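Model, not experiment: these values are computed from the prediction.
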Amino acid sequence: MDNNKVWPLVRALFVAVLVVSIATLGVAAVVGGNWVVWVRAAAVAAASAWLVALAGQAARGRRSAYVRIRFVSLAAPVGIVLILLAPDSGYPLWMKAEQGVVGLLVAAVAVVVNRRAVREAFPKRGKLG
């Protein structure tokens, strides 16, 4: 995949996470949700909005944005797996399904941004450079 196509794809994946998390808030409003559902859905919505902005910064070559995206795209799916496996996490089954979708979207970002060509586009600077 061409590096020029990476960031529009990453942005689209994060926008999809944002849409899913906003829809989750809507579902919680209709079917009711405990505080865990509301906090998680709101946090995921806020984080995904931030990640959309970071994708724009990374597209403009900002290394710090790229590093944050790499970290989140690797760490978030791990946290989501823990939520899915927890026997009594407080999340209803419908929200665990939603989190599974979010985890797959973010894992897709991890696959894209951790490719060698993408990493090489954001080289580490030396202590003097």
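Identified under the ring pair (Phe, Tyr, Trp, His ring centres under 6.0 Å) test for residues 77-113, with sequence neighbours left out: none. Judged as a ring pair (Phe, Tyr, Trp, His ring centres under 6.0 Å), not a single pair has a partner in residues 17-49 (not counting sequence neighbours). Legend: ring pair (Phe, Tyr, Trp, His ring centres under 6.0 Å) pairs involving residues 10-31, not counting sequence neighbours: none detected.
Side-chain contact between L18 and W50 is absent, with no heavy-atom pair separated by less than 4.5 Å. Residues V37 and P92 have side chains in contact (heavy-atom distance under 4.5 Å, counting atoms from C-beta outward).
Note that CZ of R62 is 6.5 Å distant from CZ of R68, once rounded to the nearest 0.5 Å. L105 CG to S73 OG: the interatomic distance, rounded to the nearest 0.5 Å, is 12.5 Å.
Remark: N114 engages R70 in a side-chain hydrogen bond (donor to acceptor under 3.5 Å, both in side chains) (not counting sequence neighbours). R60 is linked by a side-chain contact (heavy atoms from CB on, under 4.5 Å) to Q57, counting only residues two or more places apart in sequence or in another chain. Take R11 and apply the side-chain hydrogen bond (donor to acceptor under 3.5 Å, both in side chains) test, not counting sequence neighbours, and it matches no residue.
Hydrophobic clustering, with ILVMFWY side chains joined whenever heavy atoms are under 4.5 angstrom apart, groups V39 together with V30. In the hydrophobic clustering of this structure, F122 groups with V109; members are Ile, Leu, Val, Met, Phe, Trp, Tyr whose side-chain heavy atoms approach within less than 4.5 Å, directly or through other members. At a threshold of 4.5 Å between side-chain heavy atoms, the hydrophobic network of Ile, Leu, Val, Met, Phe, Trp and Tyr places V102 and L74 in two separate groups. The hydrophobic cluster containing L54 also contains V17, counting ILVMFWY residues as joined when their side-chain heavy atoms lie under 4.5 angstrom apart, directly or transitively.
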Could you go step by step and tell me if I83 and M95 meet the side-chain contact (heavy atoms from CB on, under 4.5 Å) rule? CA-CA 10 Å; I83 287 171; M95 186 162 196; over 6 Å; no
